[in-house]
Amino acid sequence: MRRPAVWLLSVATAALLINSGDAFGSRSFWFEGLPDPPAARSAGTPSIAWIEQPVDHFNPRDNRTWSMRYYENDQFLSESNAPILIMIGGEWEITPGWLRSGQMYNLASTYGAMMYYTEHRYYGESYPTNNTSSENLQYLNVDQALADLAYFIEIVKKQRNLENSTVVLFGGSYAGNMAAWARIKYPHLIKGALASSAPILAKADFYEYYEVVTVALSRYSSQCSVDVNDAFLAVEELLQTSTGPETLKRFFNLCNDIDTSSWQDVASLLNTLAGVFAGVVQYDAVDSTGQSSVGRMCDVMTATYLGSPLQRLAYLTSWSTCVDTSYASLVEAYINEDWNSYAATSAMRPWYYQTCTEYGYYQTANSDKSVFGTLFQIEFFTELCKDLYGDYYNEYLLDSAVTRTNIVYGGLKPEVTNVIFTNGDLDPWHALSVLEDLNESSPAILVMGTSHCQDLYSDLSTDSAEMTAAKARVRELVGQWLS
Ligand SMILES: *[C@@H]1O[C@H](CO)[C@@H](O)[C@H](O)[C@H]1NC(C)=O
Ligand SMILES: *[C@@H]1O[C@H](CO)[C@@H](O)[C@H](O)[C@H]1NC(C)=O
Ligand SMILES: *[C@@H]1O[C@H](CO)[C@@H](O)[C@H](O)[C@H]1NC(C)=O
Ligand SMILES: *[C@@H]1O[C@H](CO)[C@@H](O)[C@H](O)[C@H]1NC(C)=O
Ligand SMILES: *[C@@H]1O[C@H](CO)[C@@H](O)[C@H](O)[C@H]1NC(C)=O
């Protein structure tokens, strides 16, 4: 199977890499795991462990179990009632980094806490079922994953003789939803939670995502969003001509011919191209020279010496090995039910299932305020649900699933105490998160000029004053829960 390597040519630096290996440019489909922070100098060695969990927490007639994986680090564990801090894994494989550095690690150091990082069922190596058939994916949902977390807390408390310890959760992105929702569901087990960049409102047609991407480009330079718009319009125009598809194939180094009679092939191409911008904006970071990834990308998009806006877009993507954007290949890649297949190891098959059955979150071009053309709409995503999991998983199921998620968890207005909601206003996901205090103990902290989950990292020399203050406030509030 061919995979796209997506990267920038001359301006490529580690921070800006629109990193490769993420398949089909479909980055915009999912959140992507949180990159590990660099280990602190004195970091201990987190170890892997496993516990048994029920396959189905809500059916007493089903007594099957499976092994859930987690990391633990007890290097700061001091006394018998020491706090327990848990980093929650979302739709990715857990890695030891979050137990070696970051905001939670620093808090553990201050308060002598036990640290854990849990793996979400169906991701990494936490396999509740034999494979990822649609039948088996019925046990993949946040309700089950939150129950896993509750059982996890009970089990490790007993294991470590920490029955009376205070538990605080940390989560970013989808795992941020889990942190907030776990506190709502299991307040007797959890004292408080940090929900970083948590899109707690489920929404099928999430067109706001690309609106925020557009704002991020415009904020760097208005010419940037103008030129991106021109480039996308040029792509759409070429698709209407007889030789245009061949030109685009050459420009973007596609492996496949573009079948313009297939709206799904067309949507897949545009979605892939827009995904390049999504990836850079969502993970925007400032390097040591003070330049942001968005800035470097916009410098290419507005560089007239590189030719037309379309040519600049081609230059920007510069896929070194050919990229397969055909819809058939997309389906083929993610329909495989084997745990060892790319469908599972990329997290895409399980995560996309969760979007079809719980959240939507489909990042469409359905807005005048975004600059990525008009050719990828909600139907593209709902058709993919059907093609990957079966006709049952259609737009009606999606609508009732989204409604259910918001009824059960309270949408943007859950009644909850001791949950801190942090967001960056340049993170496209903030449009679905809590931006105003819910309660004096559940504040919203919106950091200007910041992208996805940045507040989970330790203080950085490149942090803005506002970010530094936000991180300090989180430490102070968590400190109050722990003392
Ligand atoms: C699980 O349930 C089945 C069917 O009721 C029963 O035969 C089996 O002994 C149970 N297994 C365990 C470990 O309880
Ligand atoms: C997985 O398959 C094995 C046989 O290959 C079977 O014994 C087992 O019950 C299956 N597990 C689940 C959870 O379906
Ligand atoms: C998936 O696992 C189930 C048992 O859980 C089994 O019946 C089915 O045949 C498996 N599918 C594939 C494609 O192996
Ligand atoms: C937890 O608190 C209870 C009630 O105060 C006490 O009996 C028990 O010994 C404590 N457990 C530990 C491990 O400290
Ligand atoms: C926050 O929640 C607590 C507990 O439910 C309640 O006593 C308090 O009045 C709430 N504060 C606000 C500002 O809503």
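All values reported here derive from a predicted model rather than from experimental measurement. Note that ligands are numbered from 1 as they come in the structure, with each ligand's atoms numbered from 1 the same way.
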Task: Between Glu154 and Tyr186, a side-chain donor and acceptor under 3.5 Å - done: no

TODO: Name all pairs fulfilling the ring-ring contact (aromatic ring centres under 6.0 Å, His included) condition that reach into residues 397-422, sequence neighbours left out, sorted by first residue then second.
DONE: Trp181-Tyr409

Task: Heavy-atom proximity to atom 12 (C) of ligand 1, best of Thr65, Asp62, Asn63 - done: Asn63

Open item on the list: Yes or no, since that's all I need: does a protein heavy atom fall within a distance strictly under 4.0 Å of atom 14 (O) of ligand 4?
Closed with: yes

Task: Close-contact set for ligand 3 against Glu337 heavy atoms, below 4.0 Å - done: 13 (C)

Task: Sub-3.5 Å N/O-N/O distance, Asn164 and ligand 4 - done: yes

- [ ] Output yes when the distance from some N or O of ligand 3 to some N or O of Asn136 is under 3.5 Å, and no in every other case.
- [x] yes

- [ ] Look up atom 7 (O) of ligand 4 and tell me if a protein heavy atom lies less than 4.0 Å from it?
- [x] no

Open item on the list: Could you tell me, atom by atom, which parts of ligand 4 come under 4.0 Å of a heavy atom of Glu163?
Closed with: 13 (C)

Open item on the list: For Tyr174 and Gln354, which I'm curious about, is there any donor-acceptor pair between the side chains at under 3.5 Å?
Closed with: yes

- [ ] Report yes or no: does a heavy atom of Asn81 sit under 4.0 Å from some atom of ligand 4?
- [x] yes

Task: Closest contact, heavy atoms only, Ala198 versus Asn423 - done: N-OD1, 4.1 Å

Task: Any protein heavy atom nearer than 4.0 Å to atom 4 (C) of ligand 4 - done: no

- [ ] Could you grab the distance from atom CG of Leu194 to atom CE of Met87, nearest 0.5 Å is fine?
- [x] 8.5 Å

Task: Close-contact set for ligand 3 against Asn131 heavy atoms, below 4.0 Å - done: 1 (C), 2 (O), 3 (C), 8 (C), 10 (C), 11 (N), 12 (C), 14 (O)

Task: Inter-residue atom distance Asp143.CG - Lys185.NZ, 0.5 Å rounding - done: 4.5 Å

Open item on the list: For Thr468 and Asp463, which I'm curious about, is there any donor-acceptor pair between the side chains at under 3.5 Å?
Closed with: no

